Amino acid sequence: MTQKLQAVRGMNDVLPADAAAWQHLYAVAAEVFGAYGYGELRLPVVERTELFKRAVGEVTDVVEKEMYSFQDRGGENLSLRPELTAGVVRAGIEHGLLYNQQQRVWCTGPVFRYERPQAGRYRQFHQLDVEAFGIATPDIDVEVIAIAAALWRRLGVSGFTLQLNSLGTPEARTQYRAALVEYLSRYESSLDEDSRRRLGSNPLRVLDSKVPATREIVAGAPRLLDHLDAVSATHFEAVQRGLGDLGIDYTINQRLVRGLDYYTHTVFEWTTSQLGAQDAVCAGGRYDGLVEQLGGPATPGIGFGLGIERLITLIALQQAAVPGNASHVYFCRFGAQAEAAASNLAEQLRNQQPRLRLTLNAGGGGLKSQLKRADNSGARYALILGDDEAAQSVVQVKSLRGEGDPFLCSWAELPAQLVRLLGL
RNA sequence: GUGGGCGUAGCUCAGUUGGUUAGAGCUCCGGAUUGUGAUUCCGGAGGUCGUGGGUUCGAGUCCCAUCGUCCACCCCA
């Protein structure tokens with residue numbers, strides 16, 4: 001069977017028309033993260049499988065059944081990263097960034113999860129990641145959450161709900177876990193199959209279940225927040241106060257437990273009702289034990305991962321402004337002399353005005369069809385250079401968007417004229 | 001991994017109870033006095049009807065399989 005050559009299932013191309021939104025998002029994100037003093041970290045897409053097993057957790061779905069794992073030619077067990085935090089921590093430890101110091105970093109790139117694709121869920125997707133290390137106080141929890149809020153503001157997207165919870169210290173969590181298991185065990189026969197399995201492996205995830213019968217049981221379960229030790233409770237209150245001071249609204253969701261094992265204390269999720277079932281756009285939390293768990297010095301950390309595809313979808317849905325990437329001008333040229341002159345002129349213009357986006361007609365065609373191309377390109381102005389104009393060293397400048405009548409402009413004055421017209 | 005919807009021109013779709021050369025709109029290309037777009041008029045290009053089997057005198061239309069896609073479960077960003 002000859003199979004048509006096509007992209008791998010769940011892995012999408014981003015076409016030029018859509019890339020404008022991506023570029024805009026990256027530009028704004030880099031600016032916002034930079035404004036908070038976060039530096040970019042660039043990491044490999046492939047890591048040792050062991051890293052994710054130890055960081056994310058051996059019994060999580062992500063590691064158990066969603067990783068792209070393989071052996072390379074040397075027999076190493078490697079995986080495409082299913083998330084970014086583990087790699088960030090690995091790099092931090094490896095390069096000594098986490099020894100007794102603070103680090104604020106961000107990271108972006110593709111991540112991979114072998115899942116059944118659906119709206120907002122792909123096998124290769126992209127995340128923006130923000131992480132802060134070496135700061136145990138709740139002010140950094142607030143800062144990290146505020147960064148996301150700032151990003152929404154700068155992008156002009158809205159309608160999020162910030163859900164907040166605390167998992168407490170590992171000790172508190174262990175204690176709570178025991179209480180929860182004891183409670184749930186009493187109803188074991190009434191639980192759904194998944195939940196019964198998780199009772200042994202990862203009981204907190206049962207809280208998250210959507211099965212009605214299980215939810216009923218969960219409703220009467222001991223509450224995590226009631227089991228917080230004094231330190232955790234104080235920390236959580238401080239986070240809430242800090243968010244309140246910044247005017248960031250939130251709701252406490254006691255069932256928010258997150259699917260990755262490394263979280264402690266604060267966990268949060270920015271969700272929206274506009275994306276269907278995959279409603280989490282940005283999620284994260286504190287992971288005070290992770291660095292040590294991966295062989296580094298005991299170092300507190302907190303961060304979030306943000307789904308770029310989901311955010312891009314929201315931007316489109318809410319029609320938030322995205323600067324266009326169309327050319328400013330389309331240069332029409334015809335006649336042997338004029339074509340050569342136009343080619344030189346175009347180079348000069350681009351050199352003198354690096355911000356100018358100029359498409360030079362190629363492939364010939366009559367003026368009519370060239371102007372058609374100019375119009376379709378989305379350019380604001382057309383430059384027209386035929387042999388008549390060339391003989392006088394001028395070009396015709398013609399608005400394609402009803403911004404005044406065509407006029408002739410000398411080659412010498414053209415750069416200044418374009419700057420004026422385009423507001424470069 | 002489970003369940004359901006859908007796969008006909010680049011795009012959005014129509015194709016009557018299976019029946020002669022598979023249609024429309026948009027896009028694209030060309031033309032309407034030889035150098036002026038987006039409007040109008042005329043013309044043109046473009047499809048092995050996802051793929052492979054099967055039923056039939058005959059299948060885009062029915063059956064099976066397969067791939068893809070969409071949505072939900074699950075999981076998460």
Side-chain angles (χ1 to χ4, degrees), chain A residues 1-12 15 17 56 60-67 81-85 108-130 148 192-195 197-198 202 205 208-212 256-260 268-272 275-284 303-314 330 332-335 338 361 363 365-390 396-402 405-406:
Chain A
M1 178 171 43
T2 50
Q3 231 190 359
K4 209 163 43 167
L5 221 42
Q6 56 192 352
V8 173
R9 185 170 165 78
M11 304 199 181
N12 303 121
L15 274 18
V56 176
T60 57
D61 282 14
V62 168
V63 167
E64 261 180 349
K65 47 192 189 191
E66 295 176 1
M67 283 215 291
R81 43 147 80 146
E83 57 110 52
L84 296 177
T85 303
T108 186
V111 295
F112 302 83
R113 257 118 98 158
Y114 189 87
E115 298 184 89
R116 188 90 168 259
Q118 71 181 71
R121 190 171 78 181
Y122 311 105
R123 289 184 171 180
Q124 174 177 331
F125 62 104
H126 298 76
Q127 289 193 339
L128 279 166
D129 215 51
V130 165
D192 62 282
E193 200 186 310
D194 276 338
S195 294
R197 186 171 52 80
R198 289 197 180 112
N202 200 347
R205 304 273 315 134
D208 222 8
S209 173
K210 287 180 189 163
V211 178
L256 181 66
V257 294
R258 316 286 309 126
L260 279 41
F268 59 91
E269 223 171 76
W270 292 89
T271 59
T272 171
L275 292 180
Q278 310 303 316
D279 62 354
V281 174
C282 172
F304 66 71
L306 177 160
I308 291 180
E309 282 83 353
R310 291 181 186 179
L311 187 52
I312 295 274
T313 306
L314 263 189
Y330 189 99
C332 305
R333 51 170 176 163
F334 50 93
N361 185 73
L367 178 55
K368 197 185 186 88
S369 67
Q370 291 195 36
L371 277 169
K372 213 171 234 180
R373 286 176 201 156
D375 190 29
N376 286 345
S377 77
R380 269 174 78 184
Y381 289 91
L383 297 180
I384 300 171
L385 181 55
D387 286 340
D388 291 355
E389 286 85 357
Q396 187 188 144
V397 179
K398 178 188 170 91
S399 167
L400 298 168
R401 313 292 155 203
D405 294 325

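Only this structure's heavy atoms are used, side chains among them; waters, hydrogens and symmetry mates stay out. Each chain gets a letter, A, B and so on, in the order the sequences are listed, and its residues count up from 1. Please read these numbers as outputs of a predicted model, since none were measured by experiment.
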Is [X] near enough to [N] that one of its side-chain N or O atoms lies under 4.0 angstrom from OP1 or OP2?
{"X": "A:Gln278", "N": "B:rA77", "result": "no"}
{"X": "A:Arg9", "N": "B:rU69", "result": "yes"}
{"X": "A:Asn376", "N": "B:rC28", "result": "yes"}

So what does [X] hit on the nucleic acid, given a heavy-atom distance under 4.0 Å: a base, only sugar-phosphate, or nothing?
{"X": "A:Lys398", "answer": "base"}
{"X": "A:Glu389", "answer": "base"}
{"X": "A:Ala374", "answer": "nothing"}
{"X": "A:Tyr381", "answer": "nothing"}
{"X": "A:Phe334", "answer": "base"}
{"X": "A:Arg116", "answer": "base"}

A:Thr108 side chain to A:Gln127 backbone, donor-acceptor under 3.5 Å:
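Yes; judged by distance alone, with no hydrogens or angles, the pair exists.
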Exam field: side chain A:Arg123 to backbone A:Glu115, donor-acceptor pair closer than 3.5 Å
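Checking the backbone N and O of A:Glu115 against the side chain of A:Arg123, a donor-acceptor pair under 3.5 Å is found.
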My understanding is that a pair needs two contacts under 3.5 Å, Watson-Crick or G-U wobble. By that rule, which nucleotide pairs with B:rC41?
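Looking at the geometry, B:rC41 pairs with B:rG31.
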Paired with B:rG23 by Watson-Crick or G-U wobble geometry, both distances under 3.5 Å: which nucleotide is it?
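Partner of B:rG23: B:rC13.
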Checking side chain to side chain contact (heavy atoms under 4.5 Å, CB included) against A:Glu309, which of A:Gln278, A:Arg121, A:His126 comes through?
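Among A:Gln278, A:Arg121, A:His126, the one that satisfies the side chain to side chain contact (heavy atoms under 4.5 Å, CB included) with A:Glu309 is A:His126.
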Whole-Å distance separating the [atom1] atom of [X] from the [atom2] atom of [N]:
{"X": "A:Glu115", "N": "B:rA72", "atom1": "CD", "atom2": "P", "value": "13 Å"}
{"X": "A:Leu371", "N": "B:rC29", "atom1": "CG", "atom2": "P", "value": "13 Å"}
{"X": "A:Leu367", "N": "B:rU36", "atom1": "CG", "atom2": "P", "value": "6 Å"}
{"X": "A:Lys368", "N": "B:rC41", "atom1": "NZ", "atom2": "C1'", "value": "12 Å"}
{"X": "A:Asp192", "N": "B:rC73", "atom1": "CG", "atom2": "P", "value": "14 Å"}
{"X": "A:Gln124", "N": "B:rA77", "atom1": "CD", "atom2": "P", "value": "17 Å"}
{"X": "A:Asp375", "N": "B:rG37", "atom1": "CG", "atom2": "C1'", "value": "5 Å"}
{"X": "A:Asp405", "N": "B:rU36", "atom1": "CG", "atom2": "C1'", "value": "13 Å"}

Under the criteria of a ring-centre distance below 5.5 Å and an interplanar angle below 30°, is A:Phe125 stacked with the base of B:rA77?
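Yes, A:Phe125 stacks on the base of B:rA77, since the ring centres sit under 5.5 Å apart and the planes are within 30°.
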Using heavy atoms to find the nearest nucleotide of RNA chain B for A:Pro117 and A:Leu306 separately, return the residue whose nucleotide is more 5′.
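Nearest-nucleotide comparison on RNA chain B picks A:Pro117.
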With nearest nucleotide decided by heavy atoms, which residue, A:Val8 or A:Val211, maps closer to the 5′ end of RNA chain B?
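This one resolves to A:Val8.
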Does a side-chain N-to-carboxylate-O contact under 4.0 Å join A:Asp387 and A:Arg333?
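Salt bridge absent between A:Asp387 and A:Arg333.
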